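Just below is one structure, and these are the notes that go with it.
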Amino acid sequence: MADRQALDEVVEFTSDLIRIDTTNRGGGDCRERPAAEYAAGQLAGAGLEPLLLERTPGRTNVVARIGGSDPSADALLVHGHLDVVPAEAADWSVHPFSGEVRDGVVWGRGAVDMKNMDAMILAVVRSWARQGIRPRRDLVVAFTADEEASAEDGSGFLADRHPELFEGCTVGIGESGAFTFHDGSGLQLYPIAAGERGTGWLKLTARGRAGHGSKVNRENAVTRLAAAITRIGEHEWPVRLTPTVRASLTELAALYGIEADLRDVDRLLEKLGPAAQLVEATVRNSANPTMLDAGYKVNVIPGEAVAFVDGRCLPGGEDEFSATLDQLTGPDVDWEFHHREVALQAPLDSPAYAAMRAAVQEFAPEGHVVPYCMSGGTDAKQFSRLGITCYGFAPLKLPEGFDHQALFHGVDERVPVEALRFGVRVLDRFLRTV
């Protein structure tokens, strides 16, 4: 079991990592190297030989392998990213890169996404080194760059250019799962991610006839684009249940004593109350317009207008997604994938899932573990190229009032000290028994 020092170090490491500003503004504007060097130093202190790997100077990844006691066993990947999304200090109660520990809570950007998990990994590995513990199977630990953008400098680079470092890995864990979800009625749920919707970021381009703003123009590119994105934004996508989401709905319904009528999913979601938040974003594909760019002067009709749409599709829903976009954009607007990544599913009858469930239940016996599918994406998408089946498992025991999902990318991101210590205990138990 993780020693007392690990329970202190996880707080220290979380705070230290938050103080290293690794803001990823997209377009290559980020520098993870200081955080990577910090993580590598902690791993080296545990007797490991971490590699620092870059595709682009300053965009640093760390990979280390811990040898297991059973050389015939498959290896396990444990990964976390080092970059964070931007934070506007004026909006926060504390400075977002202070790493301040106040009233039993660690504050700052990355506290839940996901420098907390990075710190848990480091604390467990160092605890094992002090106690002479070896896992049964090889563990590959990876701290990545660029997850908050395209992952091209991070997990994508590692999967494409350094696949040999992950040899033997069949299962991986990363963000986001095994956190406490309070339903408001006293029930505590611990959702473990066994799937992700695919990423389909789209670029729409409308072309028309440029001209003077005072003249009649039936071929206005802005008008054509506006019509297309309105159709996209208002489209009602049909329900499409994947095995993971079907299992999630079924298990939640059983917990609440509700009939799991999957013929009317929207009605079932209403009956689930707050717990529906874990599922409602993943029963359909989605497409949300997010950016517009057109024109350069108020009295000039531009010949081109561009929009970007955040599209997400369920496993098996890619063809339907593309066909629907063809219809919604119409003949006057072209669209293409600006960035695209696969949707994922992981089995719920696997030994890894059973070990995750057991680890949570040992330290949170009052909780109920349920599977869920993430609405967004993680580095698991890139690591899946190597044949690794990935789950979201970054355990946290949160008190009521801590909305884990709202704190992702939110103002005043923070994590309780005791949540971190719980995470260390659960992660340690899982990694020793899986």
Side-chain angles (χ1 to χ4, degrees), residues 112-113 173 175-197 236-286 288 312 314-315 343-349 353-354 356-378 391-410 413 415-416 419 422-423 426:
V112 297
D113 185 17
I173 61 166
E175 61 178 339
S176 152
F179 55 89
T180 319
F181 179 92
H182 294 272
D183 76 338
S185 70
L187 203 64
Q188 297 180 29
L189 305 175
Y190 284 85
I192 293 176
E196 297 182 7
R197 292 197 302 173
E236 292 289 337
W237 293 85
V239 170
R240 297 286 186 262
L241 297 183
T242 64
T244 298
V245 174
R246 186 179 294 270
S248 185
L249 286 168
T250 301
E251 292 190 27
L252 286 171
L255 282 174
Y256 287 97
I258 299 168
E259 180 188 357
D261 184 1
L262 302 182
R263 297 167 299 179
D264 190 349
V265 169
D266 289 325
R267 177 60 179 150
L268 176 57
L269 290 171
E270 291 177 8
K271 293 180 179 180
L272 290 176
Q277 296 173 40
L278 296 173
V279 190
E280 59 189 358
T282 57
V283 300
R284 297 174 167 87
N285 292 336
S286 66
N288 287 309
R312 310 283 172 150
L314 294 163
L344 301 177
Q345 285 191 101
L348 301 177
D349 59 355
Y353 184 81
M356 285 184 273
R357 181 188 288 271
V360 171
Q361 290 178 333
E362 177 174 332
F363 294 100
E366 73 285 357
H368 301 272
V369 175
V370 295
Y372 88 120
C373 176
M374 281 187 270
S375 61
T378 72
Y391 295 88
F393 188 73
L396 291 173
K397 185 174 178 60
L398 300 169
E400 195 155 9
F402 262 80
D403 188 338
H404 179 265
Q405 292 170 307
L407 291 173
F408 264 77
H409 299 190
E413 186 179 348
V415 64
F422 170 86
V426 173

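Predicted model only: the values in this text are computed from it and were never measured. As a basis for the values below, the full set of heavy atoms in this structure was taken, side chains included, without hydrogen atoms, waters or symmetry mates.
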Can you tell me how far the CG atom of L348 sits from the CE atom of M356, to the nearest 0.5 Å?
9.0 Å

Backbone N or O of V112 within a donor-acceptor pair of the E413 side chain at under 3.5 Å?
yes

The test is side chain to side chain contact (heavy atoms under 4.5 Å, CB included); show your working for D261 and R267 and say whether it passes.
CA-CA 9 Å; D261 184 1; R267 177 60 179 150; over 6 Å; no

Using modelled atom types and a 3.5 Å cut-off, is there a donor and acceptor pairing between side-chain atoms of T244 and backbone atoms of C373?
no

Do any N or O atoms from the side chain of R357 and from the backbone of V369 form a donor-acceptor pair under 3.5 angstrom?
yes

For the pair N285 (side chain) and L314 (backbone), establish whether a donor and an acceptor sit closer than 3.5 Å, ignoring hydrogens and angles.
yes

Is there a donor-acceptor pair closer than 3.5 Å between any side-chain N or O of H368 and the backbone N or O of L252?
no

salt_bridge(D266, R284) N-O dist < 4.0 Å
yes

Please evaluate residues V279 and Y372 with respect to the criterion side chain to side chain contact (heavy atoms under 4.5 Å, CB included), reporting the C-alpha separation (whole Å), side-chain torsions for both, the decisive distance (0.1 Å), and the verdict.
CA-CA 7 Å; V279 190; Y372 88 120; 5.8 Å; no

Closest contact, heavy atoms only, A359 versus F363
O-CD1, 3.4 Å

Heavy-atom closest pair (H182 atom, L398 atom, distance to 0.1 Å) is NE2-O, 2.6 Å

Do you know which two heavy atoms are closest between P274 and D183, and how far apart they sit?
CG-O, 3.3 Å

Has the side chain of T250 got a donor or acceptor atom that lies under 3.5 Å from a matching backbone atom of R246?
yes

Hey, could you give me each pair passing ring-ring contact (aromatic ring centres under 6.0 Å, His included) that has a residue in residues 237-284? Not counting sequence neighbours.
H235-W237, W237-F321

Under 3.5 Å, is there a donor-acceptor pair between the side chain of S176 and the main chain of G392?
no

For the pair E270 and L268, evaluate side chain to side chain contact (heavy atoms under 4.5 Å, CB included) and give the outcome as yes or no after the intermediate values.
CA-CA 5 Å; E270 291 177 8; L268 176 57; over 6 Å; no

Report the residues that fulfil side-chain hydrogen bond (donor to acceptor under 3.5 Å, both in side chains) with S286, sequence neighbours left out, ordered by chain and then residue number.
R197

The reported gap from CG in L187 to CZ in F181 (rounded to nearest 0.5 angstrom) is 10.0 Å

Of all heavy-atom pairs between V265 and L262, which one has the smallest distance, and what is that distance?
CG2-O, 3.5 Å

Can you tell whether the side chains of K397 and E366 come within less than 4.0 Å, N to carboxylate O?
yes

Begin from the C-alpha positions of I192 and V370 and carry the test side chain to side chain contact (heavy atoms under 4.5 Å, CB included) through to its verdict.
CA-CA 6 Å; I192 293 176; V370 295; over 6 Å; no

Strictly by modelled atom types, are T180 and Y190 linked by a side-chain donor-acceptor pair under 3.5 Å?
yes

Heavy-atom side-chain contact between P371 and E251 under 4.5 Å
yes

Which atom pair, heavy atoms only, marks the closest approach of V245 to V283?
CG1-CG1, 3.9 Å

Quick one: sort the F179 and H404 rings into parallel, tilted or perpendicular, breaks at 30° and 60°.
parallel

Of all the heavy-atom pairs spanning P347 and Y391, show the shortest one and how long it is.
O-OH, 2.5 Å

Taking side-chain hydrogen bond (donor to acceptor under 3.5 Å, both in side chains) as the test, write out the residues that go with E400, two or more places apart.
none

Given side chains that start at C-beta, do those of E175 and F408 come closer than 4.5 Å, heavy atoms only?
yes

Could you state the interatomic distance from CG (L269) to CG (L278), rounded to the nearest 0.5 Å?
10.5 Å

